[in-house]
2 protein chains.
Amino acid sequence: MAPTPKGRATYHHGDLAAALVQTTLEIIDEVGVRGFSVAEAARRTCVSPGAPYRHFADRDALLAAAALEVSRRLRAIYLETAADVGSAQERLATVAGTFVRTAARYRGGLDILFAPGLRATHPELRDSTREFVDLLLPSAFEVVAPGDAAVTAVALLDALHALARGYVAQLLEGKFGDPDDVVEEVATRATRAARALVAGYGVSSGPVGEGCGDR
Amino acid sequence: MAPTPKGRATYHHGDLAAALVQTTLEIIDEVGVRGFSVAEAARRTCVSPGAPYRHFADRDALLAAAALEVSRRLRAIYLETAADVGSAQERLATVAGTFVRTAARYRGGLDILFAPGLRATHPELRDSTREFVDLLLPSAFEVVAPGDAAVTAVALLDALHALARGYVAQLLEGKFGDPDDVVEEVATRATRAARALVAGYGVSSGPVGEGCGDR
DNA sequence: CATTCAATGTATGAGCCTCTCACATCACTC
DNA sequence: GAGTGATGTGAGAGGCTCATACATTGAATG
């Protein structure tokens, strides 16, 4: 009968959408995507279980919003780290390592950013990482053989992306041991692998012919 | 009062565990891991909602069992495809492409095989892919510089694994368009990237120093 | 054979979650 | 200062996971 908010002074929250996104990230860090529930997010934000649905169509929409926030933070970190790297080759290689290190810090965050279901249904998540590509494309061009540079540069970035995500996946699932303990080692490996990849795509690389077919 | 099975002749199913695993794979192909529920699996197998819990401790255990089945099928396919590839370099490169193609066919299957939560909590899933590593290690040894061969060969396989999984992730989330349409293209790209990677780790590769530090 | 028993399935239900709907409250505009 | 749209509350329908008590059956045992 008397809708009085429980843990708050005012009836309206103020900025519930943002608060929910923040809370969502915290919950996911604790219990993972599977353990996350909209109800719990509402509880921690001291609103009724139905309130979140005023701002997000469904559970997935809230998760996607949180993932977008992660993407924003990732980009910021990237800009800090890669700006002061000299050669294009090393810049690309460094990105891979940084990506792995960041994954360890944002843990659950990356879980949603790369959750298969979410990315397939929420295109804005894919767009957000595409902006990353634009950031890196110039470096890729510098590194690649001049022939079909445009195609090859993009292909190189896709390969680097694949490589980094694969390492992150292996890191977070504990393949190499406790993630916190092995971050640095894995980041180093990722950097080295990226270096090898870049070298393989590079100008004077004999073994890798261009436009080579499969099998 | 009278527990009569509904869609069956006999009271006991016969091999409910196996049937559930099969049904689970089908459901996941249709609606993804998120959409899967034990209740639905029970329904399709014409048993009561509680029956599956006689065979699997919880939802995740059933998913893990299904993932293991996928892993078995994957290995079979791999053995067919890679056996008749001549050089070690090309064998490794081919694996990456094959992996991507298989991913497109087993779609949902790979979703669970690589579901972050599952792999982290069910070590048998990680073990199952480790057997893959044993299969490939000899090829990796052939390809790698003789110095610290043991370490480098394993590192190369990790890198290849990372690369392939990353491509699969991008493929299945629709980054390149409808998965069915672009499988071949992506598989080719994966193969090429793998080739570049192998070349980068290879014997006479100047640019990639051994034991090189990060940044 | 009759009996027992472990394995397997059913029925029921507690507790949680997602999402909906009618209604309350508030900030803002005219 | 009344109207209005945005935001929150409370209640609830329907579904799911998992636990528990009970029914059924095939196989081993005497």
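Below, chain A is the first sequence line, B the second, and so on; all start at residue 1. Below, all heavy atoms of this structure are taken into account, side chains as well, without hydrogens, waters or symmetry copies.
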Report each atom pair, protein N/O against N/O of nucleotides 18-21 of chain C, whose distance is under 3.5 angstrom.
from: C:dT18; atom 1: OP1; to: A:Val38; atom 2: N; distance (Å): 2.8
from: C:dT18; atom 1: OP2; to: A:Val38; atom 2: N; distance (Å): 3.4
from: C:dT18; atom 1: OP2; to: A:Ala39; atom 2: N; distance (Å): 3.0
from: C:dC19; atom 1: OP2; to: A:Tyr53; atom 2: OH; distance (Å): 3.1
from: C:dC19; atom 1: OP2; to: A:Arg59; atom 2: N; distance (Å): 2.8

**Message:** Under a plain distance cut-off of 3.5 Å, with no hydrogens placed, do B:Thr129 and B:Arg119 share a side-chain donor-acceptor pair?
**Reply:** yes
**Asked** Does A:Arg34 place a side-chain N or O at less than 4.0 Å from the phosphate oxygens OP1/OP2 of C:dC17?
**Response** no
**Asked** Can you find a heavy atom in the side chain of A:Tyr106 that is under 4.5 Å from one in the side chain of A:Asp111?
**Response** no
**Request:** Can you tell me the distance, in whole Å, between the CG atom of A:Leu16 and the P atom of C:dC26?
**Result:** 16 Å
**Item:** Separation of atom CZ in A:Arg44 from atom P in C:dC17, rounded to whole Å
**Value:** 12 Å
**Asked** Is a salt bridge present between A:Glu173 and B:Arg165, judged by a nitrogen-to-oxygen distance below 4.0 Å?
**Response** yes
**Request:** Inspect the surroundings of CZ in B:Arg126 and state if more than 12 heavy atoms from other residues, nucleotides or ligands are less than 6.0 Å away.
**Result:** yes
**side chain to side chain donor-acceptor pair (under 3.5 Å) between B:Arg91 and B:Ser139, worked out** = CA-CA 7 Å; B:Arg91 192 159 40 237; B:Ser139 305; 3.0 Å; yes
**Request:** State which of C:dC17, D:dG8, C:dG9 makes the closest approach to the side chain of A:Arg43.
**Result:** C:dC17
**Request:** Would you tell me whether B:Ser128 and B:Arg72 have side-chain atoms, one donor and one acceptor, within less than 3.5 Å of each other?
**Result:** no
**Prompt:** Does B:His55 put a side-chain nitrogen or oxygen below 4.0 Å from OP1 or OP2 of C:dG9?
**Reply:** yes
